[in-house]
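Heads up: numbering here begins at 1 and tracks the sequence. The structure displayed is predicted, hence computed values, not measured ones.
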Amino acid sequence: MRAAQALEEVIKERDPSNEVMIVDGLEYVNHYFNKAVVKGYKFSAMKLPKMYGMLYRASNNDSGTYKLVQRTNSHFAKKFIPLLSEFQPDIMVSTHPFMSIMCSRLREKVITNIPLISIITDFAPHAAYINPCVSEYIVSSDQMVDELEKLGVDRSIVHPVGIPIPPVFFETDQHKDEHLKELGFDPSLRTVLIMAGSFGVTDILKIYESLNDIDLDFQIIVITGRNQKLFNAFNTIINNNPEYRAGDIQVNFETHDESLRRELKIKLTKKTKLIYFTDEVHNYMHIADLIITKPGGLTVTESLASCLPMVLFRGIPGQETDNTEYLTSNNLAVSIQKTSKEDKLHNMLHEKKRSNAADTIYKLLRYPERLRSMKESCSRLNNRDSAYKVYDIMKRAVDEMTAPVIIPSADDAALFTDEAEAERLIREFQEVIAKYSEEDGEFTLPDDSDGEYDFEDKGYRFIDMMYQNFKKLRSKTGE
């Protein structure tokens, strides 16, 4: 969504008469499908990351999982026909792999010939993005061009111009010292930014505690996003150590999680500015010297644009671990790994008290030449004109259209012979959402972090089939 918004801003800047419609495609085609995909991803990535990682890998080749993803999304493609008929666009741009599948399917069926641009918002490709009727691909780097070619894409239609983000991330803060003072910080100290909204609460509090154990002077900004539980935990910790609070706490939530009792008693040594939700992330990136974050594609791109070295924590198996591999191998980031049994033994023998997180960050702050080197690497990959270049590619694709533009009509839905299958899938999504929804309507899957899914009756066919594929993969690999 952020990539789409950045592109919209440039499209209208180039020509105010341009019309742009940003559509949440998953929600548009079906509310229950959207909930299944979004909530199912969050559940499996957080509770069953190993399963998610194996399914992600399996769906990256011609396996049953790959075919399931392709077939399911193809079934919903016809849902876009009324939208295209009404809006009559000159071009379609997808920033999500499932949308690329659906829009490609419409072109494949010759329901429309409107050019389709696919923006890959990660630093490694996945087969779900690769579809036969995509006109042009936008990727983050030259390395991605080679990787897409290996997946069968003609490299002439792959453009390594970078992922579109708002231009404000490319600006520099000319009044950094003043802005640090306004936050209650010391401009002479280094500043560490923690983007923590998508972390597990216990995990990020452990990192925060380890930062306070480092015997160096620096200050910390924590942005929790709309994660109320995490914000409240930080709020409690900082209120217990008021001498280390930078500025005022603007929001206060009243509930506490008893399971966090130990973490809430952290003793602070570093001044901390706590922020709930903000649409000014770019300002905090510009005054920070280092960011601790998960390796999500857009946050990583925004950090690169801000020339901000990254410490990456606990990437979800799949696209996030692929992002981590790319970033660390190109001197753009370092990764915090779990402490191995050997490292724990080594630490005990040498009376080394720092955790892996603390040790990683200590080395970066203690030896600033590494930080400077990473900052220079970020600068070399800084595609500040990305959104403008994407606009030029879009404009060229529209201008080069020689055949009459085919705008679909409502009758074109009949060309989808799998309409009955699509409707059946929707009914099953509705059934499973109802089955796993609480009284307040919030969709939840059962917490199965210690066991296996138990799908009763018809259950949730989409996730159930994915899980069956996972079990087959696990039996083959012996894991």
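- Every residue two or more places apart in sequence or in another chain that forms a salt bridge (charged side-chain N to carboxylate O under 4.0 Å, His left out) with Asp392 is listed here: Arg14.
- In Lys181, the NZ atom is not crowded: 12 or fewer heavy atoms of neighbouring residues, nucleotides or ligands sit closer than 6.0 Å.
- Using a 4.5 Å heavy-atom threshold, the side chains of Asp122 and Ile163 count as separate.
- Sparse packing is recorded around NZ of Lys395, with 12 or fewer heavy atoms of other residues, nucleotides or ligands lying under 6.0 Å away.
- Not one N or O on the side chain of Arg245 forms a donor-acceptor pair closer than 3.5 Å with the backbone of Ile238.
- Here the straight-line distance linking atom CG of Leu193 with atom OH of Tyr284 works out to 10.0 Å at 0.5 Å rounding.
- Using modelled atom types and a 3.5 Å distance limit, the side chains of Gln143 and Glu147 yield a donor-acceptor pair.
- Under 4.0 Å is where a charged nitrogen must lie from a carboxylate oxygen, and between Arg2 and Glu302 at least one such pair does.
- Between Ile157 and Ser135 there is no side-chain heavy-atom pair separated by less than 4.5 Å.
- Judged by distance alone, with hydrogens and angles left aside, the side-chain atoms of Thr191 form no donor-acceptor pair with the main-chain N or O of Ala288 at under 3.5 Å.
- At least one side-chain heavy atom of Met195 sits under 4.5 Å from a side-chain heavy atom of Val281.
- Ser306 places no side-chain N or O within donor-acceptor distance of the main-chain N or O of Leu308, the cut-off being under 3.5 Å.
- Separating the OH atom in Tyr28 from the CG atom in Asn30 is a distance of 12.0 Å, to the nearest 0.5 Å.
- Note that CD1 of Ile194 and CD1 of Ile207 are 7.0 Å apart. Values are rounded to the nearest 0.5 Å.
- Put simply, the side chain of Lys270 gets close to the backbone of Leu216: a donor and an acceptor are under 3.5 Å apart.
- If you check the side chains of Tyr326 and Ser140, you find no donor sitting under 3.5 Å from an acceptor.
- With contacts defined as side-chain heavy-atom distances shorter than 4.5 Å, the pair Ile220/Lys271 does not qualify.
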As a quick check of understanding, evaluate side-chain contact (heavy atoms from CB on, under 4.5 Å) for Val153 and Val145, giving each step before the final call.
CA-CA 9 Å; Val153 179; Val145 180; over 6 Å; no
Could you walk me through whether Leu290 and Arg190 pass the side-chain contact (heavy atoms from CB on, under 4.5 Å) check?
CA-CA 8 Å; Leu290 183 68; Arg190 293 196 179 275; over 6 Å; no
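- In terms of heavy-atom proximity, Met374 sits nearest to Pro309 at CE-CB, 3.7 Å.
- Between Ser335 and Thr360, the shortest heavy-atom contact is O-OG1, 4.5 Å.
- Remark: the His179 side chain and the Asp173 side chain contain an N/O donor-acceptor pair separated by less than 3.5 Å.
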Please test Phe76 against Phe98 for ring pair (Phe, Tyr, Trp, His ring centres under 6.0 Å), starting from the C-alpha separation and ending with a verdict.
CA-CA 10 Å; Phe76 287 110; Phe98 287 5; 10.0 Å; no
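- A 6.0 Å sphere centred on CD of Glu369 holds more than 12 heavy atoms belonging to other residues, nucleotides or ligands.
- Between Thr172 and Gln174, the side chains place a donor N or O and an acceptor N or O closer than 3.5 Å (distance only, hydrogens not considered).
- Considering CE of Met21 and CG of Leu84, their distance stands at 9.5 Å, rounded to 0.5 Å.
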Pair Arg155-Asp146, salt bridge (charged side-chain N to carboxylate O under 4.0 Å, His left out): steps then yes or no
CA-CA 7 Å; Arg155 63 187 299 121; Asp146 297 331; 3.1 Å; yes
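- Remark: Glu325 CD is loosely packed, at most 12 non-hydrogen atoms of other residues, nucleotides or ligands lying under 6.0 Å away.
- A donor-acceptor contact closer than 3.5 angstrom links the side chains of Glu13 and Tyr388.
- Taking all atoms of both residues into account, the shortest heavy-atom contact from Met401 to Val405 is CE-CG2, 4.0 Å.
- The six-membered or imidazole ring of Phe277 lies away from that of Phe231, with a centre-to-centre distance of 6.0 Å or more.
- Shortest non-hydrogen contact noted between Ala333 and Arg370 is O-NH2, 4.5 Å.
- For residues 156-167, the set of pairs meeting the side chain to side chain donor-acceptor pair (under 3.5 Å) definition, not counting sequence neighbours, comprises Glu136-His159, Asp154-Ser156.
- Defined by atom type and a distance below 3.5 Å, a donor-acceptor pair is missing between the side-chain atoms of Ser377 and Asn330.
- Under the 3.5 Å distance criterion, the side-chain polar atoms of Ser100 are left unmatched by any main-chain donor or acceptor of Tyr129.
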Test side-chain contact (heavy atoms from CB on, under 4.5 Å) on Ile204 and Phe234 and set out the steps.
CA-CA 10 Å; Ile204 192 58; Phe234 270 108; 4.3 Å; yes
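- With contacts defined as side-chain heavy-atom distances shorter than 4.5 Å, the pair Val311/Ile291 does not qualify.
- Counting non-hydrogen atoms of neighbouring residues, nucleotides and ligands closer than 6.0 angstrom, the CD atom of Glu27 exceeds 12 such neighbours.
- Put simply, the side chain of Phe169 reaches to within 4.5 Å of the side chain of Met285, judged on heavy atoms.
- Between Arg372 and Glu376 there is no salt bridge, since no side-chain N of the basic residue sits under 4.0 Å from a carboxylate O of the acidic one.
- Remark: Asp203 CG to Phe313 CZ distance equals 4.5 Å, nearest 0.5 Å.
- Phe123 is listed as a side-chain neighbour of Leu304, based on a closest heavy-atom distance under 4.5 Å.
- At least one donor-acceptor pair under 3.5 Å links the side chain of Ser386 to the backbone N or O of Val161.
- Across all non-hydrogen atoms, the minimal contact from Ile91 to Pro115 is CG1-O, 3.4 Å.
- Note that NZ of Lys176 and NE2 of His286 are 11.0 Å apart. Values are rounded to the nearest 0.5 Å.
- Ala77 and Met102 get closest at one heavy-atom pair: CB-O, 3.5 Å.
- Remark: the backbone N or O of Ser188 is paired with a side-chain donor or acceptor of Asp186 at under 3.5 angstrom.
- Residues Ser104 and Asn131 have side chains that never bring a donor and an acceptor to within less than 3.5 angstrom of each other.
- Side-chain atoms of Asn323 do not come within 3.5 Å of backbone N or O of Gly296 as any donor-acceptor pair.
- The main-chain N or O of Pro404 is found under 3.5 Å from a side-chain atom of Asn113 such that the two form a donor-acceptor pair.
- Met394 places none of its side-chain heavy atoms less than 4.5 Å from the side chain of Asp90.
- A donor-acceptor distance shorter than 3.5 angstrom exists from the side chain of Thr324 to the backbone of Glu320, with no hydrogens or angles considered.
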Could you check Val334 against Leu327 for side-chain contact (heavy atoms from CB on, under 4.5 Å), going step by step and ending with a plain yes or no?
CA-CA 8 Å; Val334 294; Leu327 295 164; over 6 Å; no
